[in-house]
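Presented below is the structure to which this report refers.
Order of appearance sets the numbers: ligands from 1, and atoms from 1 within every ligand. Everything numeric in this text was worked out from a predicted model, so none of it was measured.
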Amino acid sequence: MNAFKLDGRDIPFEPGQTILQAVQAAGQEIPHLCYHPDFKPHGSCKLCSVRINGRMVSSCTAPAHDGMTVESDMPDINEERRTLLQMLFVEGNHFCPSCEKSGACRLQASAYELKMMSPHYDHFFPDRPVDASHADYLLDTNRCILCSLCVRASRDVDGKNVFALSGRGIHTRLIVNAKSGRLGDTDFSGEDKAAHVCPVGAILRKRVGFAVPIGQRPFDPPHEGD
Ligand code: SF4
Ligand code: FES
């Protein structure tokens, strides 16, 4: 059987699986944001980085190899992950107390899991207009972490190409492929895969908010006695 060691534990794998896929199949986790099992890995967030023979690699893209030794839950690696998270938090307006995705947000959950306290950098405070032009969906790119999942879902699954990443470096932005740049002028719909993949609160359904009681949201910690 093919297997590798993750922080000292044996992880079996099928040939062709990435490190992250094998770890998840074994019922364990490596922090990640831009990976989604239904899509080709994007390798942009770097939260899933692990160390093999002293070298950092993205576990969502790196193939598993027999007998290798992988380090993930290490103080210095988690410190790097916290830094990445802090950068994402200051780049956008992540005011979780008023965000409908709070408790169901992968960015917030990763920050809790990695025990990130406040971000130590100056906030960018972006001021991009919220796009409320669509009848059923709201787009707030001030919360977008550029994971490109909506881009991949719309292009590869929905066959619509509603979203794209535009610009370079720090100026990269999520844009809507319509002449007006508005979501309401596309054929985006709630049936689309792209309507359900955003890991943060950037693409939100209208008129459904704060419906799940605190304590029962997807990333809420289990209660005692549950
Ligand atoms: S809107 Fe959401 S899914 Fe799309 S790139 Fe931004 S964070 Fe990712
Ligand atoms: S999950 Fe691997 S780089 Fe984002």
Side-chain angles (χ1 to χ4, degrees), residues 6 17-24 28-52 55-64 70 72 77-78 80-85 87-89 91-94 96 99-102 104-111 113-114 126 128-132 134 137-158 160-167 171-177 181-183 186 188 190 192-205:
L6 174 80
Q17 274 184 324
T18 63
I19 297 172
L20 182 56
Q21 282 169 341
V23 169
Q24 287 187 328
Q28 303 197 34
E29 266 303 357
I30 294 175
H32 61 277
L33 286 173
C34 67
Y35 173 72
H36 186 295
D38 296 350
F39 302 100
K40 220 171 137 239
H42 189 230
S44 62
C45 77
K46 302 295 173 219
L47 205 68
C48 71
S49 296
V50 294
R51 188 161 48 219
I52 303 168
R55 212 167 66 88
M56 298 304 289
V57 300
S58 303
S59 62
C60 68
T61 52
V70 181
S72 174
I77 298 176
N78 285 335
E80 293 284 331
R81 291 176 177 147
R82 274 190 291 276
T83 302
L84 288 171
L85 287 171
M87 295 196 300
L88 287 171
F89 269 89
E91 272 170 28
N93 294 336
H94 298 284
C96 307
C99 180
E100 202 281 319
K101 205 66 183 276
S102 185
C105 169
R106 191 166 277 287
L107 176 68
Q108 184 195 47
S110 303
E113 190 187 320
L114 288 159
R128 299 173 207 128
V130 170
D131 181 348
H134 193 279
Y137 279 83
L138 188 79
L139 178 64
D140 184 352
T141 55
N142 298 298
R143 295 172 180 157
C144 172
I145 58 169
L146 302 174
C147 70
S148 97
L149 278 171
C150 61
V151 179
R152 287 177 275 167
S154 185
R155 184 189 58 212
D156 304 342
V157 180
D158 308 328
K160 290 189 176 177
N161 252 321
V162 168
F163 302 101
L165 296 187
S166 165
H171 301 294
T172 310
R173 294 283 171 265
L174 183 80
I175 57 159
V176 170
N177 279 323
R182 286 152 45 103
L183 195 59
T186 69
F188 181 79
D192 294 357
K193 179 86 174 170
H196 306 279
V197 290
C198 183
V200 295
I203 301 176
L204 289 177
R205 223 174 120 201

Where the side chain of [X] meets the backbone of [Y], is there a donor-acceptor pair that is under 3.5 Å apart?
X	Y	value
Ser72	Val50	no
Arg81	Leu47	yes
Lys101	Val200	yes
Thr18	Gln21	yes

**Asked** Of all residues at least two apart in sequence or in a different chain, which pass the ring pair (Phe, Tyr, Trp, His ring centres under 6.0 Å) check with Phe188?
**Response** His134, Tyr137, Phe163
**Prompt:** Should Leu146 and Ser44 be marked as a side chain to side chain contact (heavy atoms under 4.5 Å, CB included) after you check the CA-CA gap, both sets of side-chain angles, and the distance that decides it?
**Reply:** CA-CA 8 Å; Leu146 302 174; Ser44 62; over 6 Å; no
**Item:** Pro199 vs Cys147 side-chain heavy atoms within contact, under 4.5 Å
**Value:** yes
**Protein N, O or S within less than 2.8 Å of atom 6 (Fe) of ligand 1, waters excluded** = Cys144 SG
**Asked** Protein N, O or S atoms less than 2.8 Å from atom 2 (Fe) of ligand 2, ignoring waters?
**Response** Cys48 SG, Cys60 SG
**Prompt:** Can you tell me how far NE2 of His196 sits from CD1 of Ile203, rounded to the nearest 0.5 angstrom?
**Reply:** 10.0 Å
**Fill in**
The complete set of salt bridge (charged side-chain N to carboxylate O under 4.0 Å, His left out) pairs with one or both residues in residues 146-156, sequence neighbours excluded, reads none
